Amino acid sequence: MDLITLGNNIKKYRHDLGITQEELARRCNISASYLSHIESGNRNLSLETFSALCRELSVSSDFILFD
């Protein structure tokens with residue numbers, strides 16, 4: 001999986017919940033700027049951050065990784 005697809009999937013699920021980047025970033029204890037870079041596929045993310053995003057988006061990691 002490439003980072004752009006991963007970022008697009010995170011963005012899709014965030015939009016489905018109707019929350020902003022700022023809100024999701026706050027819930028995951030990361031900066032909104034970092035989340036923006038993740039969603040655009042410009043930054044890699046740690047397993048800890050990935051896990052937090054899955055938890056806060058209420059979605060299995062499989063859905064984000066494999067859509």
Side-chain angles (χ1 to χ4, degrees):
M1 155 148 303
D2 64 272
L3 293 177
I4 292 174
T5 303
L6 177 72
N8 285 337
N9 289 343
I10 291 169
K11 185 176 185 177
K12 175 184 156 239
Y13 286 107
R14 179 177 60 76
H15 279 259
D16 288 349
L17 288 177
I19 59 175
T20 65
Q21 282 183 337
E22 291 78 12
E23 177 62 20
L24 181 57
R26 185 190 62 74
R27 292 180 187 184
C28 295
N29 294 314
I30 60 174
S31 71
S33 175
Y34 181 46
L35 179 57
S36 176
H37 286 291
I38 292 169
E39 288 187 354
S40 64
N42 294 325
R43 292 282 303 269
N44 207 342
L45 62 159
S46 69
L47 183 57
E48 180 182 347
T49 299
F50 180 70
S51 178
L53 287 166
C54 291
R55 181 184 66 246
E56 294 303 325
L57 292 170
S58 300
V59 65
S60 165
S61 60
D62 289 346
F63 287 104
I64 291 180
L65 292 173
F66 307 112
D67 196 31

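Remember, predicted model here, so these are calculated numbers, not experimental data.
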Is there a continuous path of hydrophobic side-chain contacts, each under 4.5 Å between heavy atoms, that joins Y13 to I4?
no
Non-hydrogen side-chain atoms of F63 and N9 separated by less than 4.5 Å:
no
Taking distance alone, no hydrogens or angles, what donor-acceptor pairs closer than 3.5 Å link side-chain atoms of residues 48-60 to residues at least two apart or in another chain?
residue : atom : partner : partner atom : Å
T49     : OG1  : S46     : OG           : 3.1
S60     : OG   : D62     : N            : 3.2

What pairs with T20 under side chain to side chain contact (heavy atoms under 4.5 Å, CB included), at least two apart in sequence or on another chain?
E22, E23
Quick check for you: to the nearest 0.5 Å, what is the distance between I19 atom CD1 and H15 atom NE2?
10.0 Å
D2 and T5: side chain donor to acceptor below 3.5 Å
yes
Is it true that, when you exclude K11 itself, more than 12 heavy atoms of the residues, nucleotides or ligands shown sit nearer than 6.0 Å to its NZ?
no
Yes or no on side-chain contact (heavy atoms from CB on, under 4.5 Å) for S31 and L35, after CA distance, side-chain angles and deciding distance?
CA-CA 6 Å; S31 71; L35 179 57; over 6 Å; no
Show me, pair by pair, the donor-acceptor contacts under 3.5 angstrom made by side chains of residues 38-45, not counting sequence neighbours?
residue : atom : partner : partner atom : Å
E39     : OE1  : R14     : NH2          : 3.0
E39     : OE1  : Q21     : NE2          : 2.7
E39     : OE2  : R14     : NE           : 2.6
S40     : OG   : S36     : O            : 3.1
S40     : OG   : H37     : O            : 3.1
S40     : OG   : N42     : ND2          : 2.9

